[in-house]
Amino acid sequence: MPEPLAKAYVPNAVEKRWYETWEKNHLFNANRPEQNAQDATGRRALDKPPFVIVIPPPNVTGILHMGHALNNTIQDVYVRLHRMLGHEALWLPGTDHASIATQTKIEREMRAEGLTRHDLGREKFLERVWEWKEKYGDIIISQLRALGCSCDWRRTRFTMDPAYYEAVIEAFVRLHEKGLIYRGKRIINWSPLAQSALSDEEVIHKETDGKLYYFKYPIVGSHGDQPEYITIATTRPETMLGDVAVAVNPDDDRYKRLVGRMLILPLMNREIPIIMDGYVDKEFGTGCVKITPAHDPNDFEIGLRHDLPQINVMDTHGVINENGGRFAGLDRFDARKQVVEELQLLGLVEKIENYTHSVGYSERGGEMVEPYLSDQWFISMKPLAEPALRAVEEGIIQFHPERWVNTYRHWMTGIRDWCISRQLWWGHRIPAWYAETGEIFVGRNEDEARAKAKEAGYNGSLQQDPDVLDTWVSAWLWPFATFGWPNATPDLIEFYPTSMLSTGADIIFFWVARMIMAGIEFMPSIPLKDGSPRTKLRDLIPFRDVYFHNIIRDQQGRKLSKSLGNSPDPLDLIAKYGTDAVRFSLLYLAPMGQDIRFAEASCEIGRNFANKLWNATRFILMKRDEYKTSHPKTEFESEDTELMASGEQRMANKKRLATRHSLLATENATLADKWILSRANRAARDVRAAFDRYEINEVTKILYDFVWRDYCDWYLEIIKIQPDSIPLAVEILEGILRLLHPIMPFVTEELWHALTSEPESVLLGRDDYITPDEGKIDDEAENAFLVIQEAVEAVRLVRSTLKLAPSKQAEIIVQPRGKILDVLESGKGIVERLGNASSLKFEEGTVDYSSKEYGSEIRARVRVFVKIENRSPEEQKKERERISKELERVLAQIEQSNAKLSNPGFLERAPVPVLEKEREKHQSYISQAEKLQASLFELT
RNA sequence: GGGCAUUUAGCUCAGCUGGUUCAGAGCGUUCGCCUCACACGCGAAAGGUCACAGGUUCGAAUCCUGUAAUGCCCACCA
């Protein structure tokens with residue numbers, strides 16, 4: 001027997017209990033068809049189409065923030081929805097080792113103990129990180145559970161699992177064999193803080209106030225008394241120590257005569273040539289560019305073209321090295337000062353201007369990134385990008401919102417090679433071994449590398465590359481490595497490609513684009529389910545729909561950040577408002593493609609709504625008991641008889657909104673019954689459409705309005721006077737709980753069980769979603785009911801202005817405007833009850849009752865009079881004011897309408913229905929105005 | 001420098017394919033209510049030249065073109 005429900009919804013206990021029950025009943029577990037044969041419930045067809053999401057793996061070091069809360073709620077909603085829609089729904093969870101983030105974190109921790117990673121050495125350091133991972137790595141996972149995430153936890157993956165490691169290495173080796181991975185000396189982004197290379201994507205460019213320095217470089221062979229100079233402009237004076245030339249544009253007449261001559265590089269006293277290169281912009285600065293191949297990517301290219309030396313003047317910490325002469329040992333910023341000062345002393349500084357330019361900073365450490373010449377590993381991206389771009393442009397993968405396709409295309413067409421080596425320890429170590437001869441052997445393991453070496457005739461010792469791979473080199477394999485790639489596992493064959501990906505647009509390049517490339521590149525080796533080769537793009541891509549979720553900001557529109565202290569902890573919100581409330585509120589606030597301005601108080605939307613639902617159910621339970629007492633033979637779903645029914649019969653009974661209601665609707669249904677059925681099916685239909693369009697906030701709005709406005713405000717009031725509608729009200733509520741379950745799983749599961757008395761092992765989360773019955777969408781009924789609502793609202797307004805106590809009954813007269821008397825009659829009880837009438841009279845005609853005795857209100861289709869006993873002069877005055885204001889409004893509308901109707905263009909070209917409506921409207925306004933005038937007259 | 005978005009009630013935002021769900025919701029405010037589910041509630045009200053300027057159209061918050069403000073992304077001009 002269900003216990004009576006508490007007066008208000010208290011989420012905490014309910015949530016914990018149901019989450020455990022779901023897990024105990026394996027609700028979240030997805031199986032392949034042959035595994036489903038053993039499914040104890042036996043309620044499902046065996047061969048269900050899969051619906052798959054792989055989670056964007058949070059960092060192991062991570063803790064749940066609002067962005068996670070939103071993103072994972074979205075994923076959970078879709079997984080739960082599809083589970084109810086009859087799919088084998090799989091949400092695969094996991095975490096990312098987050099090479100640089102994690103290592104930075106641990107090193108910071110160690111610094112507090114006065115240790116660096118070098119004190120420990122590689123092995124001990126890694127041990128420490130693993131310890132940390134074992135200890136704290138599950139925090140984020142447990143937080144996802146608190147959010148209600150219905151992940152298949154058995155399948156939890158970590159990007160450094162042994163099997164995952166194999167996938168990463170396999171992918172590396174394959175790309176290397178194809179010639180798409182190479183090692184080269186390039187200018188890369190160097191993070192002096194992390195002591196590592198970074199990819200272009202890990203560098204944030206910010207407008208930075210700096211200076212533009214103009215330096216004079218003396219020309220060799222100038223006359224002593226009038227030395228000739230060339231003036232160059234630079235923003236980074238310290239790099240001049242590594243200058244190897246000065247370049248001018250070949251078409252620049254100012255400098256043509258100087259080409260081929262040599263300059264003396266000040267401070268270093270080195271002779272450097274003047275060269276020509278088309279890269280140089282004549283208009284910028286002086287038209288002369290100093291060339292520092294080791295410290296600027298453009299200069300590097302120019303250096304290659306002109307066969308110039310590369311002089312690296314900095315060490316990995318951003319400190320000037322021995323190539324910087326006497327500046328060696330100075331930090332890069334100190335060196336800058338020093339260089340400028342010394343040049344000033346020599347009179348070689350022409351001028352210094354303020355200059356704002358874009359400077360790269362490390363995404364992670366925040367420090368200024370140094371363009372740095374070093375040996376790194378790269379992936380050639382162009383060949384991978386081409387089919388990946390096609391997949392999106394042809395719509396095989398769809399982005400929501402679609403506009404991100406532009407961004408994607410832009411990046412893909414201008415894609416550059418990906419620097420994948422990191423001078424870190426935490427991560428996948430690069431599977432390359434160096435011979436003493438300098439040769440490099442890449443293999444899946446040392447043995448394989450050794451074998452290759454032997455083949456090449458080398459038998460000496462091998463040293464593995466000390467570097468690890470960029471985190472994203474493992475992450476881009478996520479949609480298939482998690483299923484066992486490179487092995488053609490049954491899971492991989494069954495569940496790939498996944499269905500949707502939900503993620504932030506900020507990682508569209510880091511991750512989304514690269515996963516698409518990786519899928520297309522690596523999946524052809526896995527056959528399709530029927531054993532045929534996987535060749536079509538649609539079978540290779542990692543997912544079909546990509547949803548880019550909102551960015552959450554604070555009320556001032558700032559990004560949420562720990563340092564600003566404006567980042568609420570989702571778990572605190574959950575504790576305070578309940579998981580369902582937080583989920584619902586976030587989605588309610590999240591229009592597609594828009595940022596969210598979030599304030600904690602917003603959670604009240606969801607909390608209040610959950611509570612409303614709770615109380616509506618409480619009320620229904622009460623009413624149902626009453627009804628059962630008076631109608632002992634009534635069968636309510638799931639009780640008694642249904643418990644004994646077979647699984648199949650139960651199945652057939654499930655689509656209640658569509659089937660069982662039809663009985664009620666056709667035979668004894670009242671106007672209100674038809675109306676609520678119509679509204680319910682309309683809501684169900686619109687919800688499905690909104691889900692399909694990925695407009696989840698629309699889903700929440702539809703359901704919120706339907707439940708609160710239609711069902712609670714009107715229908716629950718109506719069943720108080722129409723007890724025969726109670727069974728329908730019960731079923732509508734049951735449908736509401738189904739419709740809401742993906743979004744608010746806890747409260748709906750709890751209430752559904754209270755309502756149906758199903759045993760705990762029968763779960764709403766495993767049951768069917770509502771299939772709308774469009775045949776029940778009844779415009780006529782909705783229109784008719786609108787008349788009733790109008791009448792009730794008019795009465796309420798009059799009562800309110802008359803200051804009639806709600807408890808006080810009053811005599812009411814309603815005049816229909818138009819042929820709607822029968823409609824009014826059909827809703828008589830409703831008007832009576834909701835208007836709290838002592839007597840209610842419908843009368844045709846336009847009799848004016850004295851404004852002294854009656855308060856009145858005129859609406860489009862009704863005019864109502866409410867009897868008053870006596871009114872003070874003051875109240876009369878107020879009433880007059882109200883009426884004249886109303887009259888003003890109506891007159892304005894007449895004016896507007898007149899303008900339209902006297903416009904020949906409108907009469908000629910507007911479609912007939914529009915014209916008709918306008919005429920009706922006009923008539924209606926005129927009669928309204930007349931009535932109002934009459935009332936006003938009476939009151940004076 | 002290029003691209004994308006946003007600008008509607010005091011606040012946060014709906015308003016998809018131009019014409020009675022086109023000026024809306026929630027919060028806040030004001031008034032009245034412990035009306036036998038809910039004060040996390042019920043009923044009612046006040047509040048907006050729909051950023052600005054043009055244009056298209058019989059008709060524009062809605063379509064087009066500019067302008068301004070704000071935000072985001074991309075870009076090797078020293």
Side-chain angles (χ1 to χ4, degrees), chain A residues 5 7-9 187 205 212-213 232-236 239 247 279-281 283-292 296-301 355 357-358 360 371 401 403-404 406-407 410-411 414 505-506 508-509 551 553 555 557 577 581 588-589 591 593-599 601-602 604-623 690 693 695 697-698 701 704-705 709 712-713 716-717 720 782 786 793 796-801 803-807 834 836 860 882 899-900 903-911 913-915 917-918 920-921 924:
Chain A
L5 299 181
K7 197 170 170 188
Y9 175 49
I187 295 271
H205 291 273
L212 190 58
Y213 302 85
I232 56 92
T234 182
T235 52
R236 294 192 300 154
T239 63
Y279 160 78
V280 181
D281 179 354
E283 309 302 320
F284 189 90
T286 58
C288 305
V289 185
K290 65 193 254 324
I291 303 300
T292 326
D296 181 279
N298 297 308
D299 294 7
F300 178 77
E301 293 298 325
Y355 188 64
H357 62 140
S358 180
R403 70 183 140 85
W404 288 107
N406 293 328
T407 308
H410 185 247
W411 190 72
D506 53 336
I508 187 169
F509 309 135
I551 296 166
R553 302 173 172 281
Q555 273 186 302
Y577 297 93
Y588 190 87
L589 295 169
Q594 246 33 67
D595 291 356
I596 298 176
R597 294 202 176 200
F598 181 83
S602 309
E604 288 175 13
I605 301 169
R607 182 199 57 185
N608 295 354
F609 186 52
N611 191 241
K612 189 73 181 174
L613 209 58
W614 181 266
N615 278 292
T617 306
R618 233 159 49 95
F619 178 65
I620 284 293
L621 289 175
M622 190 186 87
K623 282 286 160 192
R693 293 194 307 269
E695 291 176 11
N697 86 120
E698 184 65 17
K701 279 181 210 306
Y704 184 93
D705 287 341
R709 302 274 85 94
C712 292
D713 284 355
L716 290 188
E717 290 306 318
K720 288 175 183 173
E782 290 195 30
L786 232 39
E793 280 164 358
R796 282 172 174 168
L797 173 56
V798 176
R799 293 186 64 112
S800 180
T801 46
K803 299 257 187 298
L804 247 171
S807 52
L834 300 186
N836 198 14
R882 191 182 72 81
K900 273 193 187 174
N903 180 344
F906 179 74
L907 295 174
E908 220 172 282
R909 313 181 79 147
V914 173
L915 201 87
K917 263 181 191 162
E918 196 57 40
E920 270 174 43
K921 205 160 88 180
S924 166

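Proteins get letters first, then strands, A, B, ... in listed order; numbering begins at 1 in each.
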Q | N/O donor-acceptor pair under 3.5 Å between A/Arg799 side chain and A/Asn836 backbone | A | yes
Q: Kindly label the base of B/G66 as syn or anti, based on whether its glycosidic torsion lies within 90° of 0.
A: anti
Q. Base, sugar-phosphate, or nothing for A/Lys7, non-hydrogen atoms under 4.0 angstrom?
A. sugar-phosphate
Q. Considering the options A/Tyr704, A/Phe598, A/Phe609, which one meets the ring pair (Phe, Tyr, Trp, His ring centres under 6.0 Å) requirement together with A/Tyr588?
A. A/Tyr704
Q. What is the nucleic acid contact for A/Ile620, judged by heavy atoms within less than 4.0 Å: base, sugar-phosphate only, or nothing?
A. nothing
Q: Have a look at A/Glu717 and say if it touches a base, only the backbone sugar-phosphate, or nothing, with a 4.0 Å heavy-atom cut-off.
A: base
Q | Touch class at under 4.0 angstrom, heavy-atom based, for A/Pro904 against every strand present | A | nothing
Q: Could you check if the base of B/U70 is syn or anti? Syn means the glycosidic torsion is within 90 degrees of 0.
A: anti
Q) Roughly how far apart, to the nearest Å, are B/A23 and B/G66 at atom P? A) 30 Å
Q) What is the base-pairing partner of B/A78, counting Watson-Crick and G-U wobble geometry with both distances under 3.5 Å? A) none
Q. Closer to the 5' end of RNA chain B via nearest nucleotide, is it A/Arg553 or A/Phe619?
A. A/Phe619
Q. Taking the same atom, C1', in B/A14 and in B/U8, what whole-Å distance lies between them?
A. 10 Å
Q.
Categorize A/Arg403 for me: base, sugar-phosphate, or nothing, with a 4.0 angstrom heavy-atom threshold over every strand shown.
A. sugar-phosphate
(Q) Rounded to the nearest 0.5 Å, what separates atom OH in A/Tyr355 from atom OG1 in A/Thr234? (A) 10.5 Å
Q) Which is true for A/Ser807 with a 4.0 Å heavy-atom rule: it touches a base, it touches only sugar-phosphate, or it touches nothing? A) nothing
**Q.** P atoms of B/C50 and B/A45, separation to the nearest Å
**A.** 23 Å
(Q) Under 4.0 Å from a heavy atom of chain A: give me the 5'-most and 3'-most nucleotides of RNA chain B that qualify. (A) B/C4 to B/A78
Q | Distance in Å, A/Lys7 NZ paired with A/Asn611 CG, rounded so as to fall on 0.5 Å steps | A | 10.5 Å
Q | Base-pairing mate for B/G26 - Watson-Crick or G-U, with both contacts under 3.5 Å | A | B/C11
Q) Do the non-hydrogen side-chain atoms of A/Asp713 and A/Glu717 ever get within less than 4.5 Å of each other? A) no
Q: For B/G10 and B/C52, measure between their C1' atoms and round to the nearest Å.
A: 22 Å
Q) Using purine N1 to pyrimidine N3 plus N6-O4 or O6-N4 for Watson-Crick, or N1-O2 and O6-N3 for G-U wobble, both under 3.5 Å, which nucleotide pairs with B/A46? A) none
Q.
Going by purine N1 to pyrimidine N3 plus the second Watson-Crick contact, or the G-U wobble pair, all under 3.5 Å, which nucleotide sits opposite B/U65?
A. B/A53
Q: Look at all strands and tell whether A/Tyr279 reaches a base, only sugar-phosphate, or nothing, counting heavy atoms closer than 4.0 Å.
A: base
Q: Scan A/Asp705 against the nucleic acid and name what it touches under 4.0 Å (heavy atoms): base, sugar-phosphate only, or nothing.
A: nothing
Q: Give A/Glu918 one of three labels, base, sugar-phosphate or nothing, depending on what nucleic acid heavy atoms sit under 4.0 Å from its own.
A: nothing
Q: Any strand is fair game: report the nucleotide pairing with B/G18 by Watson-Crick or G-U wobble, both distances under 3.5 Å, or none.
A: none
Q.
Please classify the nucleic acid contact of A/Tyr355 as base, sugar-phosphate, or nothing, using heavy-atom distances under 4.0 Å.
A. sugar-phosphate
Q. Reckon A/Phe300 touches a base, only the sugar-phosphate, or nothing at all at heavy-atom distances under 4.0 Å?
A. nothing
Q.
Say we look at B/C63 and B/G15: how far apart would their C1' atoms be, to the nearest angstrom?
A. 16 Å
(Q) In whole Å, measure the gap between the C1' atoms of B/U7 and B/A53 for me. (A) 15 Å
Q: Indicate yes or no for a side-chain donor-acceptor contact from A/Thr801 to the backbone of A/Leu797 under 3.5 Å, with no hydrogens or angles considered.
A: yes
Q: State, yes or no, whether a side-chain contact exists between A/Arg597 and A/Leu589 at a heavy-atom distance under 4.5 Å.
A: no
(Q) In whole Å, measure the gap between the P atoms of B/G3 and B/A9 for me. (A) 30 Å
**Q.** Distance, C1' atom - from B/G19 to B/A61, rounded to whole angstrom
**A.** 14 Å
Q: Provide the Watson-Crick or G-U wobble partner of B/C72, both distances under 3.5 Å; none if there is no partner.
A: B/G3
Q) Which heavy atom in A/Ile232 sits nearest to a heavy atom in A/Lys290, and how many Å separate them? A) CD1-CD, 3.7 Å
Q.
Assuming nearest nucleotide by heavy-atom distance, tell me which of A/Thr801 and A/Lys623 is located more 5' along RNA chain B.
A. A/Lys623
Q: Tell me what A/Arg799 touches on the nucleic acid: a base, only sugar-phosphate, or nothing, going by heavy atoms under 4.0 Å.
A: nothing
Q. Do A/Asp296 and A/Pro371 have side-chain heavy atoms sitting under 4.5 Å apart?
A. no
